[in-house]
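See below for the structure under consideration.
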Amino acid sequence: MNLTQSLYHHAKSRIPGGTQLLSKRPEMLAPDLWPAYFSEAKGCEVWDLDRRHYFDMYSNGIGACILGFRDPDVTEAVKRRIDLGSMYTLHPPEEVELADVLCEIHPWAEQARFMRCGGESCAAAVRIARATTNRSVVAICGYHGWQDWYLACNLGDSDALRGHHLPGLDPLGVPGELRGTSLTFRYNDRAELDRIIASRGKDLAAVIMEPCRNRDPEPGFLEYVKERAHACGALLIFDEVTIGWRLCYGGAHLKLGVDPDIAVFAKALGNGHPIGAVIGTRQAMDGAHTSFISSTYWTESVGVVAALAVLRKMRQVDVPAHVEKVGRTVLRFWKEHGRKHGLPIGGVDDCYPCLAHFSFTHPKSEELRTLYTQLMLERGFLAGTSIYPTLAHSEETIALYGAAIDEVFAQIAEGLRADTISGMLKGPVAHSGFRRLL
Ligand SMILES: Cc1ncc(COP(=O)(O)O)c(C=O)c1O
């Protein structure tokens, strides 16, 4: 067993679940083969502990590193701040500048608070909305983190969050008393939202949702949600943690033409350095004055300095246009090579290129996606059935990936014809959703 695999093997006995983030778990991709650890990363390239080199055609830091790993401009700004000291008894003045810049980009917003992660920023946004409205219930559409307020959805129907990004989330450890405080509705489903409002409208503090994830909303849907939320006295929160800065410069809601009362950002805002932001109208943010929302490391400097450097760079380079182009090319490869080799490929027309994905529409889809990842690893690519494109993906790298897709699809097609897929797998089949790691 090489260094990378043996460290992960040991980690599983020391760190429950093996990793700190479910979607970075090797068992979700190619068990026993996917390299859990890196020693160095740059652009879209990464080296594992055994100095094996890969191009990251997968998540690029689960969407955090939209400019690429170790972006030189962001790194320089962060290093400068570290050299001057990055944590003080006093505050980083840069946080005021960041608040100003975020409110300039989103002219409807007047105030900002900063956290460090996406999930905690969503939790803060919900707390603010509850404090502002003095109400307790939230209507939810999409994925918003691991915290109690969110998992409380699954205290009702057994798996209400199924279809909201992550199935199988058991609310173990979440107080049963929270039952009924978080209720889900599906994207574009006005009737489901109406049912929540009819039964709990007078207790509704907020509707929190991703403004979009895979495609534009049906015409009028976001406007409808906003109008219904406001009519019953609730606030509208847009969770831009993943889609923000990808679809356009700023929140995707700018492109979709609907302003919320509160918006949440994280991930790409720091390009790999922890920073989360909650911005809102003065009225909506009232609860941020009255509720206790406070943490030591929300006052360090690296996150805010990184965010300012990211936004500076994004003003100079059209990052959303680049990631759209990269995503479009990869989608075309999956589609055309899939057709060429007669593989059952689906989903390519059902996503934004900036969050491109496909699926094997086949009874053995999990085996096929595991094999895809295995064969890509053998060719030096970290790859799965989705890609978060970055500014660091050059035409040359994408062309290399395209040639690999051609070869790998040919091998998978041959395996399907000869019925040898299971035999081709060098490790167990990957799992999706959440489950205990044995
Ligand atoms: C839309 C959305 N909200 C919140 C989160 C949670 O963010 P974090 O993992 O930084 O806590 C994610 C993470 O994937 C997300 O996609």
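In this text, all values refer to a predicted model and were calculated from it rather than measured experimentally. Start at 1 and go down the list; that is how both ligands and their atoms are numbered.
- Crowding of His9 atom NE2: a count of heavy atoms from other residues, nucleotides or ligands under 6.0 Å not exceeding 12.
- In summary, the atoms of ligand 1 found under 4.0 Å from a heavy atom of His144, numbered by their order in the structure, are 3 (N), 4 (C).
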Acceptor/donor pairs from residues 309-321 side chains to any protein atom, 3.5 angstrom cut, sequence neighbours excluded:
residue : atom : partner : partner atom : Å
Lys313  : NZ   : Asp71   : OD1          : 2.7
Lys313  : NZ   : Asp73   : OD2          : 2.8
Arg315  : NH1  : Tyr249  : OH           : 3.2
Asp318  : OD1  : Ala321  : N            : 3.2

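- Considering only non-hydrogen atoms, atom 6 (C) of ligand 1 lies nearest to Gly119 out of Cys117, Ser23, Gly119.
- A perpendicular orientation is assigned to the rings of Tyr401 and Trp334, their planes being inclined by more than 60° (bins at 30° and 60°).
- Atoms of ligand 1 found under 4.0 Å from any heavy atom of Glu210 (numbered from 1 in listed order, with element): 1 (C).
- With sequence neighbours left out, Arg200 forms a salt bridge (charged side-chain N to carboxylate O under 4.0 Å, His left out) with Asp203.
- Every atom of ligand 1 is numbered from 1 in the order shown, and the set under 4.0 Å from a heavy atom of Asp239 is 1 (C), 2 (C), 3 (N), 4 (C).
- Near Lys267, the atoms of ligand 1 lying under 4.0 angstrom from a non-hydrogen atom of the residue are 13 (C), 14 (O).
- Looking at ligand 1, you won't find any N or O of Val241 less than 3.5 Å from one of its N or O atoms.
- Interface atoms of ligand 1 facing Gly118, defined by a heavy-atom separation under 4.0 Å, are 6 (C), 7 (O), 8 (P), 10 (O), 11 (O).
- Within the set Thr242, Leu22, Ile208, the minimum heavy-atom distance to atom 15 (C) of ligand 1 is found for Thr242.
- By the 30° and 60° cut-offs, the orientation of the rings of His253 relative to Phe265 is tilted.
- The closest side-chain donor-acceptor pair between Trp245 and Glu240, if any, does not fall under 3.5 angstrom.
- Against a heavy-atom cut-off of under 4.0 Å, Arg213 is close to the following atoms of ligand 1: 1 (C), 16 (O).
- For the residue pair Ser291/Arg127, the side-chain donor-acceptor check at 3.5 Å is satisfied.
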